[in-house]
Amino acid sequence: SVFDPAAFVTSTDTLVLITDDQARTNVAPLTTMLLNEVLDAAKAQAAREHTGRLDPPLRIVGDEIANVAPVPKLPGNLSDSRGVGIQWFAAFQSVAQILARWGEDQGRQILANLNCSIILGGLQDEKALERFSTLVGKADLVEVSSQLDTANTATTHSVSLTERDVLRPEEIRLIPDGQALVIYRNSPAMVVDLIPWTQRPDGSEIAAGVKRVRAVRIGQPT
């Protein structure tokens, strides 16, 4: 009946924060306050550990965090949470959404503090596409050209070295479903295949859990 953040961060429980964009009342300030209480409790508990870190770590999966719980100090939390055993997984619709919620300076800090970025196809944020194209980098392209005489015999050859983007912005937008661009720390960028949750070894277990939750929400016996 009473939620205790200090007890929660020492447990293996899960806390789910849900908001409804269509609701009359905006509850995002409430969920943000609750998440901040958990973060404060986690940092306090980490300070009491002899390693200075939570064990097991606290994982925060911030799906639509810009709408559900837009923590004002998210840039700072992303930068120092790793040292105390807090793992962040933040999902955003676009870079534009980040900048609109946290502003230009703090929004850029959020992007800079993400160790791993996973970009799905269909992104139509021009600045974001250019940013990720720049991060992927360039490749040397060797061009060989020849001049032909009237008998189609090569008379001269020339070799030139140019640079081109490995992935142009429009190519990132066209990443097909089932694949993603991954930019991880100082590793080369990768285009990876995604495994649908239905094809995971525990897919049937997840599906059964979804069914149980839906039944509870509509008042059916499980």
Side-chain angles (χ1 to χ4, degrees), residues 3 5 8-9 13-44 46 54 57-136 167-175 177 179-186 189 192 194 197:
F3 177 74
F8 170 73
V9 298
D13 294 340
T14 298
L15 171 67
V16 181
L17 304 179
I18 301 175
T19 62
D20 183 359
D21 291 341
Q22 306 304 318
R24 292 184 179 181
T25 304
N26 179 19
V27 298
L30 178 61
T31 50
T32 301
M33 179 186 68
L34 183 54
L35 180 54
N36 273 322
E37 290 288 330
V38 171
L39 288 170
D40 290 343
K43 292 177 181 178
L54 294 176
L58 172 67
R59 177 174 295 172
I60 301 176
V61 182
D63 187 15
E64 290 293 342
I65 190 171
N67 296 322
V68 176
V71 179
K73 296 182 179 180
L74 182 60
N77 282 315
L78 290 176
S79 65
D80 64 15
S81 291
R82 290 189 294 272
V84 296
I86 300 176
Q87 300 173 344
W88 282 89
F89 293 79
F92 305 99
Q93 291 291 336
S94 64
V95 172
Q97 182 189 45
I98 299 174
L99 300 181
R101 174 63 71 178
W102 283 277
E104 184 76 22
D105 292 339
Q106 292 196 78
R108 296 298 175 188
Q109 290 181 44
I110 291 174
L111 293 171
N113 288 331
L114 296 176
N115 273 345
C116 180
S117 297
I118 302 175
I119 301 97
L120 303 179
L123 182 64
Q124 298 190 31
D125 184 334
E126 295 93 339
K127 288 186 177 180
L129 290 170
E130 292 174 0
R131 178 180 186 273
F132 295 130
S133 177
T134 300
L135 290 176
V136 172
L167 280 177
R168 295 188 295 268
E170 64 271 19
E171 292 175 319
I172 297 176
R173 181 182 66 82
L174 294 173
I175 292 175
D177 294 339
Q179 292 187 329
L181 169 64
V182 176
I183 300 174
Y184 177 67
R185 300 186 70 175
N186 59 346
V192 302
L194 303 176
W197 68 266

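- In this structure the side chain of L99 never reaches within 4.5 angstrom of the side chain of K127, judged on heavy atoms.
- Looking at heavy atoms from C-beta onward, R101 lies in side-chain contact with N67 at the 4.5 angstrom threshold.
- At a threshold of 4.5 Å between non-hydrogen side-chain atoms, the residues V71 and N36 count as touching.
- Taking both residues in full, the closest heavy atoms of W102 and P70 are given as CZ2-CA, 3.8 Å, listed atom of the first, atom of the second, then distance.
- Not counting sequence neighbours, Q124 has no partner by the side chain to side chain donor-acceptor pair (under 3.5 Å) test.
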L111 and R131: side chain to side chain contact (heavy atoms under 4.5 Å, CB included), yes or no, with the steps? CA-CA 10 Å; L111 293 171; R131 178 180 186 273; 3.5 Å; yes
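- In this structure, the separation between OG on S79 and CD1 on I110 is 10.5 Å, given to the nearest 0.5 Å.
- Here the shortest heavy-atom pairing between A189 and I183 reads CB-CG1, 4.3 Å.
- The OG1 atom of T19 lies 7.5 Å from the CG atom of N26; values are rounded to the nearest 0.5 Å.
- The salt bridge (Lys or Arg N to Asp or Glu O under 4.0 Å) check on E64 picks up nothing, with sequence neighbours excluded.
- Under the side chain to side chain contact (heavy atoms under 4.5 Å, CB included) criterion, E126 pairs with no residue, sequence neighbours left out.
- Considering only heavy atoms from C-beta on, I60 stays 4.5 Å or farther from V38 through its side chain.
- Applying the ring pair (Phe, Tyr, Trp, His ring centres under 6.0 Å) criterion to F132, with sequence neighbours excluded, gives no partner residue.
- Atom CG of D13 has more than 12 heavy atoms from other residues, nucleotides or ligands within 6.0 Å.
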Would you tabulate the side-chain donor-acceptor contacts of residues 81-89 under 3.5 Å, counting partners in other chains and residues two or more places apart, or write 'none'?
residue, atom, partner, partner atom, Å
S81, OG, N77, O, 2.4
S81, OG, W88, NE1, 3.1
R82, NH1, L78, O, 3.3
Q87, OE1, R59, NE, 3.1
Q87, OE1, R59, NH2, 3.2

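- Distance alone, capped at 3.5 Å, is enough to place a donor-acceptor pair between the E171 side chain and the R168 backbone.
- Using the six-membered ring where Trp is involved, F3 and F8 have ring planes that are tilted, between 30° and 60° apart.
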Side chain to side chain contact (heavy atoms under 4.5 Å, CB included) assessment of D125 paired with E130: CA-CA 9 Å; D125 184 334; E130 292 174 0; over 6 Å; no
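- With rounding to the nearest 0.5 angstrom, the OG1 atom of T31 is 8.0 Å from the CG atom of L35.
- The distance from atom CG of L167 to atom CG of L135, rounded to the nearest 0.5 Å, is 11.5 Å.
- Contact between L120 and A180 at its shortest, heavy atoms only, is CD2-CB, 3.7 Å.
- Checked against side chain to side chain contact (heavy atoms under 4.5 Å, CB included), L129 has the following partners two or more places apart in sequence or in another chain: L123, P169, I172, R173.
- N115 contributes atom CG, which lies 10.0 Å from atom CG of N186 (distance to the nearest 0.5 angstrom).
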